[in-house]
Amino acid sequence: MKQVAPVRVRFAPSPTGYLHVGNVRTALFNWFVARHSQGSFILRIEDTDAERSRPEYEGQLLEDLRWLNLDWDESVDIDGGFGPYRQSDRYRIYQQYAQRLLDEDKAFRCFCSEVELEEVRQQQLARGEMPRYSGKCRGLSPADVAARMKSGLSPTQRLRVRQGTVGFLDLVFGRIDIDTNQISDPVLLRSDGSPTYNFSCVVDDILMRITHVIRGDGHISNTHRQILIYEAFGASVPQFAHLPTVLGPDGQKLSKRHGATSVEEFRVQGYLPEALVNYLALLGWSPPEEGKEILAIKEIVSRFDLSRVSRSPAIFDPAKLNWMNRSYLNQKAGDSLVKLAEPYFVSAGLIHPHPGPEVQAWLARVIDAVKTHVDTLSQLPQEVDIIYGFESDPPELDADAQSALQAPEARAVAQEFLRLVEMREPVTPESYREIVGQVKEATRQKGKALFHPIRAALTGRGSGPELERLVPLYEDGSRLDLPRKVMSCRERLRAVLPVIR
RNA sequence: GUCCCCAUCGUCUAGUCGGCCUAGGACAUCGCGCUUUCAAUGCGGUAACACGGGUUCGAAUCCCGUUGGGGACGCCA
């Protein structure tokens, strides 16, 4: 029996900003692979760029991943025996491994200055060549090196790239081979001694026993350099899988001007994490069976396979995300949405903070009544205006409601309805139905001619949720302690009275 | 500029040994039904193999070229 090493994948973001949907998708696909194969998902913080990395982004990063329900097995907060998991805490390790390469003459010190290198680059570009390192310091003798060190120059350390071809079998793109003459001797250690991305990444992936490197396709060309580093260490090379880029609706790289792009923004706008995960899973991956696109996370995990990942870039489509979020919203019962929706209602001044059970129960019914109209939780308060709004004197009626109350028969319906409501207060679902029956009899109106005027008088609008649902919400809402008053049926009808006279 | 990669409806995609494809699904869009209205929902329609050459009895599927797009070429990740 052949022993198969357990799958170990990693998501290695840089804490240089908010978690972006493109990165989230990379994290997700890694996580899918880990969970599908009962492997480990490792979260590593790549903060070797001191200029741009900010510690506060790290916390945000973890929080965003938690919100998405992506759990990790090892990271800065869970030691799996392969730590530390923050690259800035691993500098000693990089020094040590860099020294080893130097000792074995697989790397060399380079004293070229940045201006000097830039000059050469410009010349090569002008000649229409691919800019690459000249190899100037490759052949420096130990004495030369010692002399320059003594004079106070601080060198970088570069890998000695061998002749020939390097290649790998990408799990999504297939075979990608190139000639090593396309590659400069990559800098491993900067002149200040800090490691570069390509070096720290490889050292960590070796030491953390990463089996599959899954990342954005912008890293394809880095992969060749990195493989050369694995070779220099005599380490086994992991499998690679590169994911196509996520683009904005205009086909350009996704950026702020395309609207929300960070997980934080999607959360604030009231998208459900499961909807965002489901949508992102379908961006570049498709399940083996057709037609089923709303998939629970566990269904995605069980079906996920890198061989079904597309090779071409995908455009992020907010309209489809909206549809998906709506569909998740409608799948959930109102009472399971109350907790999530509460903050939006509180900040809109519709309920007091920390509502009691009565308000919560009422709110759940309110949400059930209007949720088919919204894409996101943040749209709920404006939709709920049909319950609250009616306070101005006289109340504002929309165009549809006004025309519904134009005809004398329509006003008769509304007046009769009011008369009966006055007698039967408070209105229950049962009494509402009875009253409507009596109005029907008294006015000889039915169907649209009957319901439209009632709706207009009661809600001030030409359309909205079913009246049978709205009426009890008005009645019950009017008895609750809310920062903004909900008017009962009678109050509403009295208020419109001047309008329908 | 040089190298690498990609190319099916407006969008995400199915298509994995070339024939079952007069190209399927989902979103969006349009129409119809249901309903007192809107929404939701049900049913149906419009809509694509970038172009040009090959190979083959047969190509969306294989090969070459063109065009278009993306990426790489850093002491960024």
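Order of the sequence lines sets the chain letters (A, B, ...), proteins ahead of strands, with each chain counted from 1. In this text, all values refer to a predicted model and were calculated from it rather than measured experimentally.
Taking atom P in both B:A77 and B:G70, one finds a spacing of 25 Å when rounded to whole Å. Separation of the C1' atoms belonging to B:C6 and B:G31 is 37 Å when rounded to the nearest angstrom.
Side-chain proximity of A:Q182 to the nucleotides B:U37, B:A77, B:C3 is greatest for B:C3. Of the candidate nucleotides B:U11, B:C12, B:C75, B:C75 has the atom nearest to the side chain of A:R121. Of the candidates B:A77, B:G1, B:U11, the closest approach to any side-chain atom of A:M130 belongs to B:G1. Taking every side-chain heavy atom of A:D317 into account, B:G10 is the closest of B:A77, B:G10, B:C75. Among B:A77, B:C12, B:C75, the nucleotide with an atom closest to any side-chain atom of A:Y197 is B:A77. Set against B:U36, B:A28, B:C75, the side chain of A:A319 has B:A28 as its closest nucleotide. If you check B:C6, B:U13, B:A28 against the side chain of A:W323, the one that comes closest is B:A28. Counting only heavy atoms from C-beta on, A:L117 has its side chain closest to B:C75 among B:C6, B:C75, B:G70. Among B:A28, B:A14, B:U36, the nucleotide with an atom closest to any side-chain atom of A:R308 is B:A14. In the set B:A28, B:C12, B:C75, the nucleotide with an atom closest to the side chain of A:R326 is B:A28.
Backbone-only engagement by A:R311 is indicated by non-hydrogen atom pairs under 4.0 Å involving sugar-phosphate atoms exclusively. Using a 4.0 Å heavy-atom distance criterion, A:E46 is classed as a sugar-phosphate-only contact. Counting non-hydrogen atoms under 4.0 angstrom, A:T372 reaches a base of the nucleic acid. When heavy atoms are screened at a 4.0 angstrom cut-off, A:T156 is found touching base atoms of the nucleic acid. Contact annotation for A:L125: base contact, defined as any heavy-atom pair under 4.0 Å involving a base atom. A:L282 comes within contact range of the sugar-phosphate backbone alone, with a heavy-atom separation under 4.0 Å but no base atom that close. Note on A:R127: nothing from the nucleic acid sits closer than 4.0 angstrom, heavy atoms only. Residue contacts for A:H219: at a heavy-atom cut-off of 4.0 Å it reaches a base atom on one of the strands shown. Within 4.0 Å (heavy atoms only), A:G464 reaches at least one base atom of the nucleic acid. Counting non-hydrogen atoms under 4.0 angstrom, A:E466 reaches a base of the nucleic acid. Across all strands, A:N330 comes closer than 4.0 Å to no nucleic acid atom at all (heavy-atom distances).
Between A:R225 and B:C4 there is no side-chain N or O to OP1 or OP2 distance below 4.0 Å. Using a 4.0 Å cut-off, some side-chain N or O of A:S286 falls inside it from OP1 or OP2 of B:A14. Contact annotation: A:R461 does not reach the phosphate of B:C38 (side-chain N/O to OP1 or OP2, under 4.0 Å). At the phosphate of B:C75, OP1 or OP2 sits under 4.0 Å from a side-chain N or O atom of A:R158. In this model, the phosphate group of B:A77 is approached by a side-chain N or O of A:T48 to a distance below 4.0 Å at OP1 or OP2.
No donor-acceptor contact under 3.5 Å links the side chain of A:K371 to the base of B:A39. Contact annotation: side chain of A:H242 to base of B:C5, donor-acceptor pair absent below 3.5 Å. If you check distances only, the side chain of A:N198 never reaches the base of B:A77 with a donor-acceptor pair under 3.5 Å.
Using a cutoff of 4.0 Å between basic side-chain nitrogens and carboxylate oxygens, A:R86 and A:D89 are scored as salt-bridged. A salt bridge is defined here as a Lys NZ or Arg NE, NH1 or NH2 lying under 4.0 Å from an Asp or Glu carboxylate O, and A:R411 with A:E409 fails to meet this definition.
In this structure, the ring of A:Y197 has its center less than 6.0 angstrom from the ring center of A:H219. Taking the six-membered ring where the residue is Trp, the centroids of A:F316 and A:Y279 are separated by under 6.0 Å.
A distance of 6.5 Å separates CZ in A:F41 from CG in A:L65, rounded to the nearest 0.5 Å.
A:F29 and A:F32 have tilted rings, their planes meeting at an angle from 30° to 60° on a 0 to 90° scale.
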